[in-house]
Student: 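My structure is below; once you've seen it, I'll send some questions.
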2 protein chains.
Amino acid sequence: MAKYKDIAATIRNRILEGQYSADGPLPEQKKLAQEFETSRMTIQKALEMLTYEGLIYSEQGRGTFIKSNVSALSQLDATVNQYVGTTKLFAGKATVKSDILKNELRLPNAEEQEKLQLAKTEAVYDVVRLRFLNEVPYSIEHSIMPAKILGELTDTVLKKSIYEYLGQTLNLKIGVAYRRISADQPNQMDQEYLHCKPIEPVLQVTQTVFLQNGMPFEYSTTRHRYDMGSITTITQGNH
Amino acid sequence: MAKYKDIAATIRNRILEGQYSADGPLPEQKKLAQEFETSRMTIQKALEMLTYEGLIYSEQGRGTFIKSNVSALSQLDATVNQYVGTTKLFAGKATVKSDILKNELRLPNAEEQEKLQLAKTEAVYDVVRLRFLNEVPYSIEHSIMPAKILGELTDTVLKKSIYEYLGQTLNLKIGVAYRRISADQPNQMDQEYLHCKPIEPVLQVTQTVFLQNGMPFEYSTTRHRYDMGSITTITQGNH
DNA sequence: AAGTGGTCTAGACCACCTG
DNA sequence: AGGTGGTCTAGACCACTTG
């Protein structure tokens, strides 16, 4: 492990255990460099990590301070706002299953070509899945994914988790995701599969997910029963 | 301006203008250091900036690459997923006004004490505002804010933007925000003020907003007409 | 083995805040 | 003026990937 990560871990623990005064500043960088027998640059990389984690902040000419919401943060189980997919989110807490309503290989339409940056000739998977939480249907997920990334997409994979398949079998990493969240009245499918009554709305999430190398990997729309799911986001201000 | 920021700006422009091959790697760090007549550490800080912006990524032993979604990104006006409040979001595009339905100074209840990290004795403002976009009501915002941060909260401020007041008058900076987004059936107030029919849902956002120093500054619930507003988020994976 | 990025050093000077 | 963090240097060695 890199030295600056070790140092960051040590300082993080001290902060969480209250070993540093919550009011006053942290020891100055020069002192920390002496204590950890390293250079100031290395200390700065460690502090930079903790800054991105939202634990501390620095002000030029004043010092480095602990954010006062640190105690509140430890109550939330929110590490970072990272996309994990539905399956992993509920791991261990409940059983998640999927019915595959559609799994088709076809050519993309104009919108899909644009969103997934594909040529007319590059095929996509068009997959619709009904997802169950503890045997109760809670969302319908409609995904368009480029065939060139996924290769052979079997029902076995779809029944489990596409994200698991991506990371473990294809060894690809998720990068950025753009999501648009809105509320909507239930449509015909929602009423049929999610058993929504006309007055029971859905929460709709339309997202484009990119791999770490920037290739678009999924363009999807998911509709959740309003009483079975909400989205949590953490937005960091500028550092 | 810092040298590494200048260099980052130069490289960013080159990438956006297509001066670097989209397939191959960027010039190696040593070459860039020579070109910009600087040290490798400074080049690394510049590249680090572009990495956090989602423009490039590096792989140890291979090189630094341009993400292939760069062209798609420039279509979106999304720089970073920063919270700006409703007023600024629509600046110039439409007129935003507020009716103040309630503006009360009182003591916090147990939930508010916890969310805002307040003592029983510290007063809060309890504000309900009906927001109009081009004279049409589109959301109801219910905010609880600590009086010790805001000082005197006049109706003049509330009619405009609290976030503007924070930044410009109080010189405080927004830090992190936690938000929970869900869909809901319209309640009595939604039906009265947003003119929702029973089958017209609302998009609800419950958020806790912290200042840069970690003090909680707002605990609020906003309900939007489903056909007037959606939330867009950008989630970065791990770098 | 060669070439890439990742980390680290031991200094230095600058920018900013506070008394 | 003194003390803080912010930036920068000119090297060095390490970790990883590729031919």
Side-chain angles (χ1 to χ4, degrees), chain A residues 1-11 15 20-21 23-67 170-173 175 211-214 237-239, chain B residues 1-11 15 20-21 23-67 170-173 175 212-214 238-239:
Chain A
M1 176 113 90
K3 189 188 279 191
Y4 77 93
K5 287 180 186 167
D6 280 335
I7 295 175
T10 302
I11 297 178
I15 290 173
Y20 289 128
S21 150
D23 304 323
L26 255 53
E28 65 207 75
Q29 296 177 358
K30 212 160 44 172
K31 290 268 170 59
L32 289 172
Q34 284 169 18
E35 183 199 336
F36 289 100
E37 298 181 310
T38 185
S39 67
R40 232 185 99 206
M41 288 285 319
T42 302
I43 293 295
Q44 282 181 315
K45 282 197 84 167
L47 295 179
E48 188 190 28
M49 271 192 82
L50 301 180
T51 301
Y52 274 111
E53 288 174 17
L55 218 57
I56 60 174
Y57 66 102
S58 298
E59 289 188 18
Q60 196 168 36
R62 296 221 312 132
T64 300
F65 302 86
I66 300 174
K67 291 197 181 182
L170 300 179
N171 201 27
L172 295 172
K173 286 173 194 163
L211 298 176
Q212 196 202 45
N213 67 11
N238 284 334
H239 295 290
Chain B
M1 177 116 86
K3 189 189 278 192
Y4 77 93
K5 287 180 186 167
D6 280 336
I7 295 174
T10 302
I11 297 178
I15 290 173
Y20 289 127
S21 152
D23 302 324
L26 256 53
E28 65 208 74
Q29 296 178 357
K30 213 161 41 172
K31 290 268 171 59
L32 289 171
Q34 284 168 20
E35 184 200 334
F36 289 100
E37 296 180 312
T38 185
S39 67
R40 233 186 99 207
M41 287 287 319
T42 302
I43 293 294
Q44 281 181 316
K45 282 198 82 165
L47 295 180
E48 188 192 28
M49 270 194 82
L50 301 179
T51 301
Y52 274 111
E53 289 174 16
L55 219 55
I56 60 174
Y57 66 102
S58 299
E59 289 188 19
Q60 196 169 38
R62 297 220 313 132
T64 300
F65 303 86
I66 300 173
K67 291 198 181 181
L170 300 180
N171 202 28
L172 295 172
K173 287 174 194 162
Q212 196 203 46
N213 67 9
N238 285 334
H239 295 291

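Please read these numbers as outputs of a predicted model, since none were measured by experiment. A, B, ... follow the sequence lines: proteins, then strands. Residue 1 opens every chain.
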Student: Got a sec? Which of residues 32-50 of chain B come in under 4.0 Å of DNA chain C, heavy atoms?
Tutor: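 Residues of residues 32-50 of chain B that come under 4.0 Å of DNA chain C are, in numerical order, B/R40, B/M41, B/Q44.
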Student: First and last nucleotide of DNA chain D in contact with chain B, 5' to 3', at under 4.0 Å to a heavy atom: what are they?
Tutor: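 Listed 5' to 3', the contact boundaries are D/dT7 to D/dT18.
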Student: Quick one: are B/K3 and B/T38 in side-chain contact, heavy atoms under 4.5 Å?
Tutor: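 In contact.
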Student: Can you tell if the side chain of A/I11 reaches within under 4.5 Å of the side chain of A/Y20, non-hydrogen atoms only?
Tutor: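 Yes, side chains in contact.
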Student: Nearest whole Å is fine: how far is C/dG5 C1' from A/Y4 OH?
Tutor: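 A/Y4 atom OH is separated from C/dG5 atom C1' by 12 Å.
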Student: In whole Å, I'd like the distance from the NZ atom of B/K30 to the P atom of C/dT4.
Tutor: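 So the two atoms are 7 Å apart, to the nearest Å.
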Student: With A/E48, which residues qualify under salt bridge (charged side-chain N to carboxylate O under 4.0 Å, His left out), at least two apart?
Tutor: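 Scan of A/E48 (salt bridge (charged side-chain N to carboxylate O under 4.0 Å, His left out), adjacent residues dropped) gives none.
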Student: How would you label the contact of A/Q60 with the nucleic acid (heavy atoms, under 4.0 Å): base, sugar-phosphate, or nothing?
Tutor: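 Base, at least one base atom sits under 4.0 Å.
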Student: For A/R62 and C/dC17, what is the distance between atoms CZ and C1' respectively, to the nearest whole Å?
Tutor: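 My rounded result for the distance is 8 Å.
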Student: Just jot down the ring-ring contact (aromatic ring centres under 6.0 Å, His included) partners of B/Y4, sequence neighbours excluded, or say none.
Tutor: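 Expected list: none.
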Student: For B/P27 versus B/L32, what's the shortest heavy-atom pair and its separation?
Tutor: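 That would be O-CD1, 3.5 Å.
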Student: Give a yes or no answer on whether the side chain of A/T51 reaches the backbone of A/L47 with a donor-acceptor pair at less than 3.5 Å.
Tutor: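 Flag set: sc A/T51 to bb A/L47 pair under 3.5 Å.
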Student: Starting at the 5' end of DNA chain C, which residue's closest nucleotide do you reach first, A/M1 or A/G61?
Tutor: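 Mapping each residue to its closest nucleotide by heavy atoms, the 5'-most match is A/M1.
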Student: Can you pull the salt bridge (charged side-chain N to carboxylate O under 4.0 Å, His left out) pairs that have at least one residue in residues 31-46 of chain A, sequence neighbours excluded?
Tutor: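 Of all non-adjacent pairs touching residues 31-46 of chain A, those that pass salt bridge (charged side-chain N to carboxylate O under 4.0 Å, His left out) are A/R14-A/E35, A/E28-A/K31.
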Student: Return the set of residues passing ring-ring contact (aromatic ring centres under 6.0 Å, His included) with B/Y57 (not counting sequence neighbours), or none when no residue passes.
Tutor: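 Scan of B/Y57 (ring-ring contact (aromatic ring centres under 6.0 Å, His included), adjacent residues dropped) gives B/F65.
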